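The structure appears below as structure tokens.
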Amino acid sequence: LPTTFTGINSSSWRRRRQRKKPSTLLQVSADSYQDFIHFALKETQRHTVLVPSPLQERYNDLIANDGKTELQMLSFQAPKIRLLRSLNIQSEVMQVLDFAVFPKPEFDLPIFCANFFTTANKNIVVLDLNPLHDVISQRDYRDKYYKNLMPLSLKYAELLPWGGKLTSESIKFFSPIVIWTKFTSSQDQNDALYSAFMDYYKAWIELMNQSVEEKDASQITRNCDAQHRYLTWRAEKDPGHGLLKKLIGENLAKDLLRNFLFSGIDELGSKKFLDYFPEYWREDGAIDKKRSIIGKSFESRPWNSSGDFVGNNSEAN
Ligand code: BLA
């Protein structure tokens, strides 16, 4: 691997993995989510020049308050990539991957998003090229990025089926090819997940290769605003918060969310959460702590195989 990687963490991953007794509890395909990260970094490096992000110095390896759970953070940037970052959490009983790639605002590229939460008997998975702009109302944006990718989502529809109801607000951040699934670990599904990750990542890289820098200032601003809104949502309402707080304490968790995972909140825009999502406004002026105002919905996949949004949220509760 190029020195940019070995200089940071990959050699310590190796050592750590060799030291560790093979876990019988966890069956993650390709050994562990480290291999997913490794794949993505190598694939990126084949197509662009990755350099470590300035964030790397502050956010790298951390041991949780229990003295056992390891958190590993990596971050890079590239000519078209504002921030590529990953968080990998590993303990005897769980494994988490939060891997995202945020384009620079000069590109209206989707945001690559892989969020996997795994325990001995449960996997919660979101894998997507999160759209920067609204794919329900903006047909041309949807066609530009997703029309050719619809077969990808069909390829995995059987092994990684729709995971059932979810926070209704989340659906606007997902694309017609999103893989949202829950399953009990099995070799077939673990393999399918690794294969899906590779396919989706290669698809994203291909979009990156083809993307042309936007010169129009108002379009750049529009991209900036859209990414800022996305970051603002996730930094406040992502489902992983509770666990992060439990592992490293509230202050560190907040710091990690705002300044590492969803870094850009303080640079890409100045609006606040309630400006974007006023329905969370509480009478005392604070943000409603609920994850969802609308409730959970979308029992089944709300897009058809052509990528049209077909809803089915009739029974939100
Ligand atoms: C559950 N994670 C979920 C769920 C979704 C996501 C949809 C199901 C619960 C729900 O409907 O909210 C993921 N939601 C996303 C993603 C987006 C979104 C990726 O809106 C993007 C826009 N998950 C993590 C990390 C942890 C984690 C880092 O990514 C832990 C540190 C844990 N996710 C986690 C846990 C659950 C979960 C514990 C189950 C708890 C719950 O359902 O609230």
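Along the sequence shown, residues carry numbers from 1. Computed from a predicted model, the values in this text were never measured in an experiment.
- Judged by distance alone, the side chain of Asp238 and the main-chain N or O of Gly240 form no donor-acceptor pair under 3.5 Å.
- Among Glu169, Lys290, Lys289, the one residue that satisfies the side chain to side chain donor-acceptor pair (under 3.5 Å) test with Tyr280 is Glu169.
- Judged by a 6.0 Å distance limit and a 45° cone about the ring axis, Arg82 is positioned over the six-membered ring of Phe102.
- Under a cut-off of 6.0 angstrom, the local environment of CG in Asp216 is crowded, with over 12 non-hydrogen atoms contributed by other residues, nucleotides or ligands.
- Applying the 6.0 Å contact sphere to CD of Glu213 captures more than 12 heavy atoms from other residues, nucleotides or ligands.
- Partners of Leu243 under the side chain to side chain contact (heavy atoms under 4.5 Å, CB included) rule, at least two apart in sequence or in another chain, are Met94, Val96, Phe117, Leu247.
- With contacts defined as side-chain heavy-atom distances shorter than 4.5 Å, the pair Phe116/Asp98 does not qualify.
- Residues forming a side chain to side chain contact (heavy atoms under 4.5 Å, CB included) with Arg258 (at least two apart in sequence, or on another chain): Ile265, Asp266.
- Remark: the backbone N or O of Asp288 is not paired with any side-chain donor or acceptor of Trp281 at under 3.5 angstrom.
- Under the 6.0 Å cut-off for aromatic ring centres, Phe277 and Trp233 qualify, their centroids lying closer than that.
- Trp162 has its side chain within reach of Val178: a pair of non-hydrogen atoms, C-beta onward, lies under 4.5 Å apart.
- In terms of the side chain to side chain donor-acceptor pair (under 3.5 Å) criterion, Tyr141 has no residue partners (sequence neighbours excluded).
- For the side chain to side chain contact (heavy atoms under 4.5 Å, CB included) test, residues two or more places apart in sequence or in another chain that qualify with Ser211 are Lys80, Phe107, Leu109.
- Residues passing the side chain to side chain contact (heavy atoms under 4.5 Å, CB included) test with Glu206, sequence neighbours excluded: Asn209, Gln210.
- For Asp35 and Lys42, the salt-bridge test fails: no basic side-chain N is under 4.0 Å from an acidic carboxylate O.
- Partners of Ser195 under the side chain to side chain donor-acceptor pair (under 3.5 Å) rule, at least two apart in sequence or in another chain, are Tyr156.
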(message) For Asp108 and Lys144: C-alpha separation, side-chain torsions, deciding distance, then whether side chain to side chain contact (heavy atoms under 4.5 Å, CB included) applies.
(response) CA-CA 10 Å; Asp108 70 353; Lys144 178 176 177 183; 3.0 Å; yes
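- Closest non-hydrogen pair, Ala192 versus Leu159, comes out as CB-CD1, 3.8 Å.
- Among all heavy-atom pairs drawn from His228 and Lys271, the shortest one is CE1-O, 3.2 Å.
- Between Leu166 and Lys296 there is no side-chain heavy-atom pair separated by less than 4.5 Å.
- With hydrogens and angles disregarded, no donor-acceptor distance shorter than 3.5 Å links the side chain of Thr167 to the backbone of Ser170.
- In this structure Phe174 satisfies the ring-ring contact (aromatic ring centres under 6.0 Å, His included) test with no other residue, sequence neighbours excluded.
- Aromatic pair Tyr33/Phe36: ring centres closer than 6.0 Å.
- Shown here for Arg85 and Ser75, the closest heavy-atom pair between the two residues is CB-CB, 4.0 Å.
- When only modelled atom types and interatomic distance are considered, Asn121 and Ser185 share no side-chain donor-acceptor pair under 3.5 Å.
- With hydrogens and angles ignored, the 3.5 Å screen pairs a side-chain donor or acceptor of Thr181 with a backbone N or O of Pro161.
- Not a single salt bridge (charged side-chain N to carboxylate O under 4.0 Å, His left out) links Asp275 to another residue, sequence neighbours left out.
- A salt bridge does not link Lys68 to Asp66: none of the charged nitrogens lies less than 4.0 Å from a carboxylate oxygen.
- Between Ala78 and Leu50, the shortest heavy-atom contact is CB-CD2, 4.1 Å.
- Here the straight-line distance linking atom OG of Ser292 with atom NZ of Lys165 works out to 11.5 Å at 0.5 Å rounding.
- Asp199 has a carboxylate O that lies under 4.0 Å from a charged side-chain N of Lys155, or vice versa, which qualifies the two as a salt bridge.
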(message) Let's go through Asp143 and Arg139 carefully: what are the C-alpha distance in whole Å and the side-chain angles of both, what is the deciding distance for salt bridge (charged side-chain N to carboxylate O under 4.0 Å, His left out) to 0.1 Å, and is it a yes or a no?
(response) CA-CA 6 Å; Asp143 287 351; Arg139 183 76 199 230; 3.4 Å; yes
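- Under the rule for a ring-ring contact (aromatic ring centres under 6.0 Å, His included), Tyr146 has no partner lying at least two apart in sequence or in another chain.
- Taking every heavy atom of both residues into account, Leu129 and Ser175 meet most closely at O-CB, 3.5 Å.
- Between Ile179 and Val126 the shortest side-chain heavy-atom distance does not fall below 4.5 Å.
- Between Asn259 and Leu55 the shortest side-chain heavy-atom distance does not fall below 4.5 Å.
- Atom NZ of Lys246 has 12 or fewer neighbouring heavy atoms from other residues, nucleotides or ligands inside a 6.0 Å radius.
- Side-chain contact check for Asn60 and Gln56: no donor-acceptor pair (N or O, by modelled atom type) lies under 3.5 Å.
- In terms of heavy-atom proximity, Phe197 sits nearest to Ala114 at CE1-CB, 3.7 Å.
- For Trp303, the ring-ring contact (aromatic ring centres under 6.0 Å, His included) partners at least two apart in sequence or on another chain are Phe309.
- Without hydrogens or angle criteria, His133 side chain to Pro110 main chain gives no donor-acceptor distance under 3.5 Å.
- In this structure, Thr44 and Ile205 have side chains that are in contact, with non-hydrogen atoms separated by less than 4.5 Å.
- For Glu279, the CD atom counts as densely surrounded, since its 6.0 Å shell holds more than 12 non-hydrogen atoms of other residues, nucleotides or ligands.
- Remark: Arg142 pairs with Asp308 by the salt bridge (charged side-chain N to carboxylate O under 4.0 Å, His left out) rule, at least two apart or across chains.
- The closest side-chain donor-acceptor pair between Gln34 and Asn88 falls under 3.5 angstrom.
- With hydrogens and angles ignored, the 3.5 Å screen pairs a side-chain donor or acceptor of Ser168 with a backbone N or O of Gly295.
- Under the side chain to side chain contact (heavy atoms under 4.5 Å, CB included) test applied with Pro103, the options Asn223, Ile111, Leu207 reduce to a single match, Ile111.
- Without hydrogens or angle criteria, Gln90 side chain to Gln72 main chain gives no donor-acceptor distance under 3.5 Å.
- With hydrogens and angles ignored, the 3.5 Å screen pairs a side-chain donor or acceptor of Tyr200 with a backbone N or O of Ile177.
- Using a 4.0 Å cut-off between charged nitrogen and carboxylate oxygen, Asp225 and Arg229 do not count as a salt-bridge pair.
- Considering only residues two or more places apart in sequence or on other chains, Phe183 meets the ring-ring contact (aromatic ring centres under 6.0 Å, His included) condition with none of them.
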